[in-house]
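Notes follow the structure.
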Amino acid sequence: GPQRIRGLAGTGKTVLFAKRAARLHAAHPDWDIAFVFFTRALYQQVRGQVEQQFRSFTGECPDPEKLRIWHAWGGKDLTGFLRELALAWEQRPLTLNDAKRELGSEAYSGGFAWACAELERRLEEAQVEPFLDALLVDEGQDLPPAFYRLAMRALRPPHRLYWAYDEAQGIGNLIVPRAAELFGVDEEGRPRIDLSGSYVSGIPRAHNLNRCYRTPARILAVAHAFNMGLLREGGPLQGVTQQKEWENLGYRVTGDFSQASVAAGRDVVLERDPDACGHPFDDAAFRARVDRDAVLRIEAVSGENAMLETLVAGIRADLEAGLEPHDLLVVPLPESRPSARTILAALKKAGIPAIEAGADATRETFLRTGYVTVSNIYRAKGNEAWKVYATGLQAACAAQARDLDDELVRRNQAFVALTRAKLWCVALGIDGPALDELSRLAADAPRITFKAFNQRSLRRQVGYEEELEQRALF
């Protein structure tokens, strides 16, 4: 039956699902299985992961007619989940052009949600035949509720829907995919899909992953704290206020969030739990061989030209030090300057080989040997590199945002950019509130000290325990 996996950035959600898809296909070659993801630039990684895992189990290549790798939407050039649903159920596949006619410029951000809702509306009274035996969904935080309801209709009993998500990486919306909100409730107000407890086998219906393998704790802690706004002027925007929830995130907490602590302005101290640290840099013996300050550098510059000069100089030094161009990734935040195109032009002018992620004919190539990758945040999500330059971080503060929800999205985008790093990260931005906040967070990271806050002060409260979720809803 259904299972939800919540996992921090770098905890191995994609690898886990690639392995699960491969095992299911090896054990049940007659089953119709699909692996679905939101970011088209992940095709290269997901296909490689699934094929590698299947070969390790069987020594053979998977059958693409039975184990499908699908982008969430899809088109004529490269099919996807929504397109295949429409074709299977004798509906015209909706396209981005359809969304543009309906939504105008908002189609680029809300087109997929509109297309899912529109297909669901067209099929409201229809009796459709399910055609999948198992569906694995990565990047679940970016998919709208209608997607999940369509997915359940596409699945044969017992509805093997497995979805993974990280609410901190939601860069298009702020909805945490909770079961009651996705699938609704019955007449007694109980979720139609129950994710509490375990199946008879002992496998949990909802599982939490907090051991980070990709990113050192120093980078992850700063990214999390900036994402929540723990040192933000005006107070945090999102976060948790219960010890168990911090533990689920992989932190040890000293202090409390009682009303007395909030009123007195008492300190709360966070530190990564050693059991949640799976990166080699978090091992003392390895850490002694790597410059701590080089792992995460905060670079505040005077303007766009200075940012480009700093970026080019840094990458040139990396290459001279022995890194390969494809070890490096540049991720500018949306609505920031300089843009990805400007950065790409500056690197090429400096004689540094570089490509724009997804700029090939199929839009699915992210990495090319011998080239630095420059990627917007949407294509970077789910991908990684040994060293990441996250640029334009001045955009992730209240002064640049349209409202609080927009600032939340921008902070989520900053979190995604920072946590693409497998070892080194440089946070670049124009001097101001955002860079000052990052510098203060990095000063003692991965230890983070901030003032106690309560749930009422948060713009967005995130709960991770299924029983807490149900209590809040009902």
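All values below come from the heavy atoms of this structure, side chains included, with hydrogens, waters and symmetry mates left out.
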Heavy-atom donor-acceptor pair, His207 side chain to Gly7 backbone, under 3.5 Å: no

Test item: Phe17 and Val50 side chains (from C-beta on) under 4.5 Å apart, heavy atoms: no

Min side-chain heavy-atom separation Phe281-Val295 under 4.5 Å: yes

Under 3.5 Å donor-acceptor, Glu335 side chain and Ala395 backbone: no

Test item: side-chain donor near acceptor, Asn412 and Gln238, under 3.5 Å: yes

Trp31 and His28 aromatic ring geometry - parallel, tilted or perpendicular at 30°/60° bounds: parallel

Set of residues satisfying side-chain hydrogen bond (donor to acceptor under 3.5 Å, both in side chains) with respect to Arg214, sequence neighbours excluded: Glu384

Test: Asp282 and Arg272 ion pair at under 4.0 Å: no

Lys/Arg N to Asp/Glu carboxylate O, Glu129 vs Arg156, below 4.0 Å: no

Val416 backbone acceptor or donor facing Arg420 side chain under 3.5 Å: yes

Leu8 vs Cys212 side-chain heavy atoms within contact, under 4.5 Å: no

Any Leu150 side-chain heavy atom under 4.5 Å of Cys116 side chain: yes

Reported CD1-to-CH2 distance for the pair Ile219 and Trp424, which is rounded to 0.5 angstrom: 10.5 Å

Residue pair Ala354 / Leu347: nearest heavy atoms and the distance that separates them: CB-CD1, 3.9 Å

Test item: Trp246 side-chain N/O and Val240 main-chain N/O as donor-acceptor pair under 3.5 Å: yes

Pair Arg232-Glu407, salt bridge (Lys or Arg N to Asp or Glu O under 4.0 Å): steps then yes or no: CA-CA 11 Å; Arg232 173 183 175 270; Glu407 185 182 353; 2.9 Å; yes

Under 3.5 Å donor-acceptor, Thr39 side chain and Leu42 backbone: no

Heavy-atom closest contact (Leu333 atom, Ala417 atom, distance): CD1-CB, 4.1 Å

Non-hydrogen side-chain atoms of Leu458 and Leu237 separated by less than 4.5 Å: no

Arg153 bridged to Glu120 by N-O distance under 4.0 Å: no

Short side-chain to backbone donor-acceptor contact, His326 and Gly370, under 3.5 Å: yes

Aromatic contact, Phe37 with Tyr43 (centres under 6.0 Å): yes

Lys/Arg-Asp/Glu bridge criterion (N-O < 4.0 Å) met for Asp30, Lys66: no

Side-chain donor-acceptor pair present, Arg411, Asn227, cut-off under 3.5 Å: no

From CA spacing to verdict: side-chain contact (heavy atoms from CB on, under 4.5 Å), Leu195, Arg4: CA-CA 7 Å; Leu195 295 180; Arg4 185 189 66 192; 3.8 Å; yes

Tyr371 atom OH: more than 12 heavy-atom contacts under 6.0 Å: no

Evaluation steps, side-chain contact (heavy atoms from CB on, under 4.5 Å), between Ile343 and Val374: CA-CA 8 Å; Ile343 290 170; Val374 181; 4.2 Å; yes

Electrostatic pair Arg341:Glu356 at N-O distance under 4.0 angstrom: yes

Gln141-Asp166 side chain donor-acceptor pair, cut-off 3.5 Å: no

CH2/Trp114: more than 12 non-hydrogen atoms of other groups inside 6.0 Å: yes

Cation-aromatic face contact Arg379/Phe366, 6.0 Å, 45 degrees: no

Passing candidate, side chain to side chain contact (heavy atoms under 4.5 Å, CB included) with Phe81, options Phe147, Phe35, Phe38, Trp73: Phe147

For the student: nearest non-hydrogen atoms of Ala414 and Phe226, plus distance: CB-CE2, 3.7 Å

Sole candidate of Val330, Asp327, Asp318 that passes side chain to side chain contact (heavy atoms under 4.5 Å, CB included) when paired with Lys387: Asp318

Polar side chain donor-acceptor pair, Gln394 to Ser336, under 3.5 angstrom: no

Closest non-hydrogen atom pair between Ser439 and Ile298, with its separation: OG-CG2, 3.4 Å

Side-chain touch Arg83/Leu87, heavy atoms, less than 4.5 angstrom: yes

Which side-chain N or O atoms in residues 51-62 pair as donor and acceptor under 3.5 Å with protein atoms at least two apart or in another chain?
unit_1 : atom_1 : unit_2 : atom_2 : d
Ser56  : OG     : Gln53  : O      : 2.6
Thr58  : OG1    : Phe54  : O      : 2.9
Thr58  : OG1    : Glu60  : N      : 3.1

Whether Phe131 and Trp70 hold their rings parallel, tilted or perpendicular, with breakpoints at 30° and 60°: tilted

Test log, rule side-chain contact (heavy atoms from CB on, under 4.5 Å), inputs Leu418 and Val331: CA-CA 9 Å; Leu418 296 168; Val331 186; over 6 Å; no

Heavy-atom side-chain contact between Leu119 and Leu82 under 4.5 Å: yes

Ile355 backbone acceptor or donor facing Arg368 side chain under 3.5 Å: no

Lys/Arg-Asp/Glu bridge criterion (N-O < 4.0 Å) met for Glu84, Arg68: no

Under-4.0 Å salt bridge between Arg121 and Glu118: yes

Test item: Tyr251 and Asp273 side chains (from C-beta on) under 4.5 Å apart, heavy atoms: no

Step-by-step ring pair (Phe, Tyr, Trp, His ring centres under 6.0 Å) determination, His224 to Phe415: CA-CA 7 Å; His224 252 142; Phe415 176 87; 5.1 Å; yes

Arg160 side-chain N/O to Asp133 backbone N/O, donor-acceptor pair under 3.5 Å: yes

Residue pairs involving residues 94-116 (criterion salt bridge (charged side-chain N to carboxylate O under 4.0 Å, His left out); sequence neighbours excluded): Arg92-Asp98, Asp98-Arg101

Separation between CD1 of Ile33 and CG of Leu24, rounded to the nearest 0.5 Å: 5.0 Å

Flag, side chain of Thr373 to backbone of Ala357, donor-acceptor distance under 3.5 Å: no

Exercise: do Glu299 and Thr310 side chains pair donor with acceptor under 3.5 Å: no

Aromatic Tyr199 / basic Arg205 pairing, under 6.0 angstrom, 45° off normal: yes

No-hydrogen, no-angle side-chain donor-acceptor test under 3.5 Å, Ser196 and Asp194: yes

Minimum heavy-atom distance Pro158-Pro2, with the two atoms named: O-CD, 4.1 Å

N-O pairing of Lys13 and Asp138 below 4.0 Å: no

Main-chain N/O of Ala442 paired to Arg218 side chain as donor or acceptor, under 3.5 Å: yes

